[in-house]
2 protein chains.
Amino acid sequence: MAKAATLPERERGVCCPPTIKVRPERVEGTTEILKALADPTRLQMAIALRDADQPVCVCDFTATFDLSQPTVSHHMARLREAGLVEVTKKGIWSFYRLRSDLPLGARRILEALG
Amino acid sequence: MAKAATLPERERGVCCPPTIKVRPERVEGTTEILKALADPTRLQMAIALRDADQPVCVCDFTATFDLSQPTVSHHMARLREAGLVEVTKKGIWSFYRLRSDLPLGARRILEALG
DNA sequence: ACAACGCATTGACGGTTGTCAATGGGTATG
DNA sequence: CATACCCATTGACAACCGTCAATGCGTTGT
């Protein structure tokens, strides 16, 4: 991550396209994860799930954030569609936790947060 | 990041709001960074800048991505407004690089990508 | 002076997003 | 059965986002 202090010498009309080393499919996947986390509510939900030692039920999030229940449910659905969390129903409650088979890339991003 | 396999026992009408340990201001800042990175083009731009050993000029990105020049300029502006990159003008060219005084949180997220 | 280049800004457009009210379905309790 | 609770889905709406065409401005070369 070191940067040269000097600026490159350039010639008019000649550009130097940087090499994109990330595979396109990976770009798309990473973007989806970032979009799922790029919301204050979902970010806090994801961090809470990451740090929780037990699955968290939806009513807890509804009690935590000043949002309507459908909105909380909507955010959980987005985290689920992004492949970040999984849900287990027990009685009336829905318990969420981070997916156990979380890809390494997703795990690294989650651990970089907070 | 370990999860208990068993689900908590719950009682109707009683919720257990998880403790949010992240400071609200930090949530907002992190969200802004994630929103800035949650686009395929900007993600690749940021990774390219992170891995570049020299500042990259805008025309290089314009040549790399199949997007109009205003769109590329717009994306660079968003990365700049998020505090991720800084620009130095030299002659006709604008060279971008990661901000030298990047906060630790932003740096950790960037290094978790790709 | 004039033309060419690099880049930012503006305006406009369709698509996406965050939010809520209303509704419905499933599960436990009286 | 009836009620209360938990949760997901739908529909609607304003706000935001990604993109391009057009324009403007500063710099360089002829």
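All chains are named by letter (A, B, ...) in the order of the sequence lines, taking the proteins before the strands, and each is independently numbered beginning at 1.
- Phosphate proximity of D/dA4 to B/Arg12: absent, as no side-chain N or O sits under 4.0 Å from OP1 or OP2.
- Comparing B/Asp60 and A/His74, the nucleotide of DNA chain C nearest to each residue sits closer to the 5' end for B/Asp60.
- The interatomic distance linking B/Asp39 (CG) with C/dT16 (P) rounds to 13 Å, in whole Å.
- Residue A/Ser94 is classed as a sugar-phosphate contact, given heavy-atom separations below 4.0 Å to backbone atoms only.
- Within the 4.0 angstrom heavy-atom criterion, no nucleotide atom of any strand lies near A/Phe61.
- Within 6.0 Å of CG in A/Asp66 there are 12 or fewer heavy atoms belonging to other residues, nucleotides or ligands.
- Atom CD in B/Gln69 sits about 15 Å away from atom P in D/dT23, given to the nearest Å.
- Taking atom CH2 of B/Trp93 as the reference point, atom P of D/dC25 lies 22 Å away to the nearest angstrom.
- What separates CD1 of A/Ile92 from C1' of C/dG26 is a distance of 9 Å, to the nearest Å.
- For the side chain to side chain contact (heavy atoms under 4.5 Å, CB included) criterion with B/Ile109, the lone passing option out of B/Leu84, B/Leu104, B/Leu37 is B/Leu37.
- The CG atom of A/Asp66 sits 14 Å away from the C1' atom of C/dG18 (whole-angstrom rounding).
- When the nearest nucleotides of DNA chain C are assigned to A/His75 and A/Gly91 by heavy-atom distance, the more 5′-ward of the two goes with A/His75.
- Candidate nucleotides C/dC7, D/dC20, D/dC7 were compared by shortest atom distance to the side chain of B/Ser68, and D/dC20 ranks first.
- Taking only side-chain atoms of A/Lys35, from C-beta outward, the nucleotide of D/dG18, C/dT17, C/dG6 with the closest atom is C/dT17.
- As rounded to whole Å, 13 Å separates atom P of D/dG18 from atom CG of B/Leu43.
- The side chain of B/Pro70 approaches C/dT9 more closely than any other nucleotide in the set C/dT9, C/dC7, C/dC20.
- Within 4.0 Å of B/Arg42, counting heavy atoms only, lie sugar-phosphate atoms of the nucleic acid but no base atom.
- The aromatic rings of A/Phe61 and A/Phe65 lie parallel to each other, with less than 30° between the two planes, well short of the 60° mark.
- Distances shorter than 4.0 Å separate some side-chain N or O of B/Tyr96 from OP1 or OP2 on C/dA8.
- The phosphate of D/dT19 has neither OP1 nor OP2 within less than 4.0 Å of any side-chain N or O from B/Thr71.
- Listed for the B/Gln44 side chain is a donor-acceptor partner under 3.5 Å among the backbone atoms of B/Pro40.
- Between the C1' atom of D/dC6 and the NZ atom of A/Lys89 lies a distance of 10 Å, rounded to the nearest Å.
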>> Applying side-chain contact (heavy atoms from CB on, under 4.5 Å) to A/Met76 and A/Leu49, what does each step give before you reach the verdict?
In response: CA-CA 11 Å; A/Met76 296 309 298; A/Leu49 290 179; 4.3 Å; yes
> Hey, mind stepping through A/Cys57 and A/Lys90 against side-chain contact (heavy atoms from CB on, under 4.5 Å) and telling me if it holds?
Replying inline: CA-CA 10 Å; A/Cys57 98; A/Lys90 179 185 181 185; over 6 Å; no
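- When distances run from any side-chain atom of B/Arg78 to the nucleotides C/dC7, C/dT9, D/dG18, the shortest one goes to D/dG18.
- Here C/dT19 is the nucleotide among D/dA8, C/dG18, C/dT19 with the atom lying nearest to any side-chain atom of A/Thr41.
- C/dT29 atom C1' lies 12 Å from atom CD of B/Glu11, rounded to whole Å.
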